[in-house]
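Data first, discussion second: the structure below is written as C-alpha cells.
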Amino acid sequence: MERLTAQQVYDRLVEGYGKPRWWPGTPYEIMVSAVLVQNTAWTQVEKVFAAWGEPEPAKVLAMPVEQLQETIRPCGFMKAKAATIRAVTEWYRRYGFDIEQARTADQHRLRRELLGLKGIGAETADAMLVFALHKPSFVIDAYTRRFLDRMGYGFSDDRQIRRFFESGLPADYRVYGWYHWLLLEHGKNHCRKQPVCEGCVFSEVCPGRAL
DNA sequence: ATCCCGCATT
DNA sequence: AATGCAGGAT
C-alpha cells in the first residue's frame, strides 16, 4: 500500500484546516509557555498569562521561587515547572536574553543544551527550537505518533518519525511550525483517542479509519 | 510502567 | 466520581 509523503500529508492538512497558525507570544513567552503547557490544557496557560502579563526574563530570575510557583499554579506541576522555567531563563541569560544572539548558535548545540535542562524533554526542546529559536527541528508529540500509527506508517520509534518528516520537507522552521500546528488541530478535531472519522481529509487512505 | 499537579469537562 | 489535557523523570 502506497503511503502519502510528508509533503502530501501537509498539503491535505492545509486543505482541511486552512492557513496554519503560529505559537503566540514573544520568543521568551513561547519558551515559558512551552513548559507551562506540558500535559496541561492550553486554556490554563492563557489564564496564567492573563494574570501575569508579559513575562520578562530578568524579573523571573529576581522573583522568589514560591512567587513564581503561585503565578503558574493553574498549569499544575507548579514546583517542577517553576524550577524548569528558572533553568530555561538561566540558560537564556547565557545569550544575554537576546533571541537574535541565541539564533546565531548551532541548532544541534542548542538542542543539546536545552535537553540538558531538568524538565525539558525532546518535545519541549523542539517546540522551543522551532517557534522561538527558528530552527527546523520537527516537533514529535502524542498527536503526531497516533496519527502516523493510525495511518499505517509502521514507525517504531521517534527517530524514524523524525527522518520521515525532516527528509521529506524543506528545512524551513516555518514549515515545521505550521505542520506541528496542523497535526495538533487534526488530533484535536478528528484523530483523537476515540477517532472522529466523519469529515476527515484522510478517510479514504487511512487504514485505521472507523467508519 | 508509573507517578507527578491543577483545573475543566463530562 | 472519573477522565483528559501541547510531558518529563524515575
Side-chain angles (χ1 to χ4, degrees), chain A residues 9-10 13 16-17 19-52 55 65-91 110-150 155-159 161-162 165 173-196:
Chain A
V9 169
Y10 181 83
L13 285 167
Y17 301 101
K19 187 179 180 348
R21 296 189 189 159
W22 193 253
W23 198 301
T26 65
Y28 181 63
E29 274 180 293
I30 290 169
M31 295 192 279
V32 171
S33 55
V35 174
L36 290 180
V37 80
Q38 288 170 355
N39 202 39
T40 304
W42 188 234
T43 53
Q44 306 301 311
V45 179
E46 292 177 321
K47 197 170 303 179
V48 166
F49 283 116
W52 195 359
V65 192
E66 298 111 23
Q67 186 185 338
L68 182 56
Q69 289 178 11
E70 283 309 312
T71 305
I72 68 173
R73 170 181 283 278
C75 292
F77 306 95
M78 45 194 251
K79 190 164 156 45
K81 285 179 179 176
T84 302
I85 288 168
R86 280 202 62 102
V88 168
T89 308
E90 282 165 6
W91 167 82
L110 290 169
R111 193 171 194 274
R112 280 195 304 275
E113 289 178 351
L114 290 171
L115 287 176
L117 306 178
K118 214 165 306 173
I120 303 296
E123 181 178 339
T124 308
D126 289 329
M128 291 176 173
L129 285 166
V130 168
F131 293 100
L133 293 157
H134 293 180
K135 304 293 184 182
S137 190
F138 204 88
V139 181
I140 299 165
D141 60 4
Y143 293 115
T144 307
R145 296 186 196 96
R146 184 168 65 220
F147 168 70
L148 293 173
D149 187 52
R150 287 225 177 99
F155 299 134
S156 53
D157 57 38
D158 286 358
R159 200 177 136 276
I161 295 177
R162 181 172 297 280
F165 287 113
Y173 75 92
R174 292 169 296 183
V175 173
Y176 283 36
W178 291 331
Y179 210 139
H180 171 68
W181 186 89
L182 289 163
L183 284 172
L184 177 76
E185 200 66 13
H186 185 56
K188 283 185 169 302
N189 288 295
H190 291 284
C191 210
R192 308 181 185 168
K193 281 190 179 180
Q194 304 293 329
V196 179

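Within every chain, numbering begins at 1; the chains are lettered A, B, ... in the order of the sequence lines, protein sequences first and strands thereafter. Quick caveat, the model's predicted, so the values are computed rather than measured.
Computed from coordinates, the A:R73 CZ to B:dC5 P distance equals 11 Å when rounded to whole Å. Distance NZ (A:K193) to C1' (C:dC5): 9 Å, rounded to an integer number of Å. For the pair A:Q44 CD and C:dC5 P, the computed distance is 14 Å after rounding to whole Å. A straight line from CD of A:E46 to C1' of C:dC5 spans 14 Å, rounded to a whole angstrom.
Among residue pairs with one or both ends in residues 42-51 of chain A, none qualify as salt bridge (charged side-chain N to carboxylate O under 4.0 Å, His left out); sequence neighbours excluded.
A salt bridge does not link A:D126 to A:K135: none of the charged side-chain nitrogens sits closer than 4.0 Å to a carboxylate oxygen.
Between A:F138 and A:F165, the two ring planes are parallel [angle under 30°; tilted spans 30° to 60°]. Note: A:H134 and A:Y173 have parallel aromatic rings, judged against thresholds of 30 and 60 degrees for the angle between ring planes.
The cationic atom of A:K19 (NZ for Lys, CZ for Arg) lies less than 6.0 Å from the six-membered ring centre of A:W178 and within 45° of the ring axis.
The residue A:K81 sits apart from the nucleic acid: no heavy atom pair falls under 4.0 Å.
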Collect all protein-nucleotide pairs involving nucleotides 7-10 of chain C in which both atoms are nitrogen or oxygen and the distance is under 3.5 Å.
from  : atom 1 : to     : atom 2 : distance (Å)
C:dG7 : OP2    : A:N39  : N      : 2.9
C:dG7 : O5'    : A:N39  : N      : 2.9
C:dG7 : O4'    : A:N39  : N      : 3.4
C:dG7 : O3'    : A:T124 : OG1    : 3.3
C:dG8 : OP1    : A:G121 : N      : 3.0
C:dG8 : OP1    : A:G121 : O      : 3.4
C:dG8 : OP1    : A:T124 : N      : 3.1
C:dG8 : OP1    : A:T124 : OG1    : 2.5
C:dA9 : OP1    : A:G119 : N      : 2.8

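By the ring pair (Phe, Tyr, Trp, His ring centres under 6.0 Å) test, A:W52 is found to be paired with no residue, residues two or more places apart in sequence or in another chain being considered.
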